[in-house]
Amino acid sequence: MRRTRIALFALLVLCAASFSPAAASANPRRDAFALTSTAFTDGGMIPKVHDCASSGDGDPEKKDESPPLAWSGAPEQAKSYAIVMHDLDNGIIHWVIYDIPAATAGLPQNVDHAYQPTVPAGSRQAYYRGSANFFGYQGPCTTNHTYEWAVHALNKESLTELDSNSSTQTAETAIDAATIATASLRGNS
């Protein structure tokens, strides 16, 4: 009976240790995947250069340039990446770029507004239909909103089911189905 109690106690201690915060942080893949930008900090204000250019207010600082983004700590199993940008206050998808090669760890500022931008080579972008109609990044057009960029590590090299006619919603569905891990960054307008 005493041996049974000792064995049960040892089993309980082992189970408790596996669910402790220290054990959770021992999994570097889950905690290490991070997305950052040199343009703003997580939860910070998004610079005007990344605002939409279609607001009609004539502000020359609003250039609708995508922000520079960098990620690290992604799972080794990632075969490609995708980024989806949402306006969290109204649910609108502002940007989808996918088929980003697995060797890539970031995007420069001002990714081309093209279905197949020059950088990163091989990537594709969904067509934005909203206050503007074009491929690629559509910056914040509304003040006092929170925007989220999420980088998705994918289990596929290419989302072959998508093409230049795919909507941002269709692209997001395909990305979600292939996602093995995500990291996000938020900014305010």
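FYI, the numbering just counts along the sequence from 1. None of the values given here were measured: they were computed from a predicted structure.
One distance of note links NE2 of His152 with CH2 of Trp71; it measures 11.5 Å at 0.5 Å rounding. Once rounded to the nearest 0.5 Å, the distance linking CD1 of Ile46 with OH of Tyr147 reads 7.0 Å. From Thr143, atom OG1 reaches atom CE of Met45 across 8.5 Å, with rounding to the nearest 0.5 Å. The distance from the CZ atom of Phe33 to the OG atom of Ser72 is 8.5 Å, given to the nearest 0.5 Å. Ile92 contributes atom CD1, which lies 10.5 Å from atom CE of Met85 (distance to the nearest 0.5 angstrom). Note that the CG atom of Asn144 and the CG atom of Asp89 stand 9.0 Å from one another [nearest 0.5 Å].
Thr168 contributes no side-chain N or O that, together with a main-chain N or O of Ala126, makes up a donor-acceptor pair within less than 3.5 Å. Between the side chain of Asn188 and the main chain of Gly43, a donor-acceptor pair closer than 3.5 Å is present. A distance-only check finds a donor-acceptor pair linking the side chain of Gln125 to the backbone of Ala114 [under 3.5 Å]. Checking side-chain atoms of Ser189 against main-chain N and O of Thr142 turns up a donor-acceptor pair under 3.5 Å. The backbone N or O of Ala39 lies less than 3.5 Å from a partner atom in the side chain of Ser37, making a donor-acceptor pair. Distance alone, capped at 3.5 Å, is enough to place a donor-acceptor pair between the Tyr137 side chain and the His50 backbone. Under the 3.5 Å distance criterion, the side-chain polar atoms of Ser80 are matched with a main-chain donor or acceptor of Lys156.
Linking Ile, Leu, Val, Met, Phe, Trp and Tyr residues whenever their side-chain heavy atoms come within less than 4.5 Å places Val151 and Leu107 in a single cluster. Residues Phe134 and Tyr115 do not share a hydrophobic cluster, defined by chaining ILVMFWY side chains whose heavy atoms lie under 4.5 Å apart. The same ILVMFWY cluster, assembled from side-chain heavy atoms under 4.5 Å apart, contains both Val111 and Leu35.
Annotation for His94 and Gln138: closest pair ND1-O, 2.7 Å, computed over non-hydrogen atoms. Nearest approach of Ala174 to Glu161, heavy atoms of both residues: CB-OE2, 3.4 Å. Nearest heavy atoms, Leu162 versus Ser166: CA-OG, 3.4 Å. Considering all non-hydrogen atoms of both residues, Asp64 and Gly139 come closest at OD1-N, 2.6 Å. Leu154 approaches Ile175 most closely through the heavy-atom pair CD2-O, 3.7 Å. Annotation for Ser123 and Ile97: closest pair OG-CD1, 3.9 Å, computed over non-hydrogen atoms.
The shortest side-chain heavy-atom distance between Gln109 and Val49 falls under the 4.5 Å cut-off. You'll find the side chain of Trp149 reaches within 4.5 Å of the side chain of Pro67, heavy atoms only. Residues Thr36 and Leu185 are not in side-chain contact: their nearest non-hydrogen atoms beyond the backbone lie 4.5 Å or more apart. Within the 4.5 Å cutoff, side-chain heavy atoms of Phe40 are placed close to those of Pro47. Within the 4.5 Å cutoff, no side-chain heavy atoms of Val84 are placed close to those of Trp95. Between Ile100 and Ile83 there is a side-chain heavy-atom pair separated by less than 4.5 Å. Side-chain contact between Pro140 and Cys52 is absent, with no heavy-atom pair separated by less than 4.5 Å.
A 6.0 Å sphere centred on CD of Gln169 holds more than 12 heavy atoms belonging to other residues, nucleotides or ligands.
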Would His113 and Phe135 satisfy ring pair (Phe, Tyr, Trp, His ring centres under 6.0 Å), going step by step from the backbone distance to the final call? CA-CA 5 Å; His113 285 96; Phe135 286 101; over 10 Å; no

Would His86 and Glu172 count as a side chain to side chain donor-acceptor pair (under 3.5 Å) here? Give the steps. CA-CA 11 Å; His86 282 101; Glu172 181 180 44; 2.8 Å; yes

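Remark: Arg186 engages Glu148 in a salt bridge, criterion side-chain N to carboxylate O under 4.0 Å. Asp99 and Arg124 are joined by a salt bridge, as a carboxylate oxygen and a charged side-chain nitrogen come within less than 4.0 angstrom of each other. Between Lys48 and Glu65 there is no salt bridge, since no side-chain N of the basic residue sits under 4.0 Å from a carboxylate O of the acidic one.
Between the side chains of Thr173 and Thr170, not a single donor N or O lies within less than 3.5 Å of an accepting N or O.
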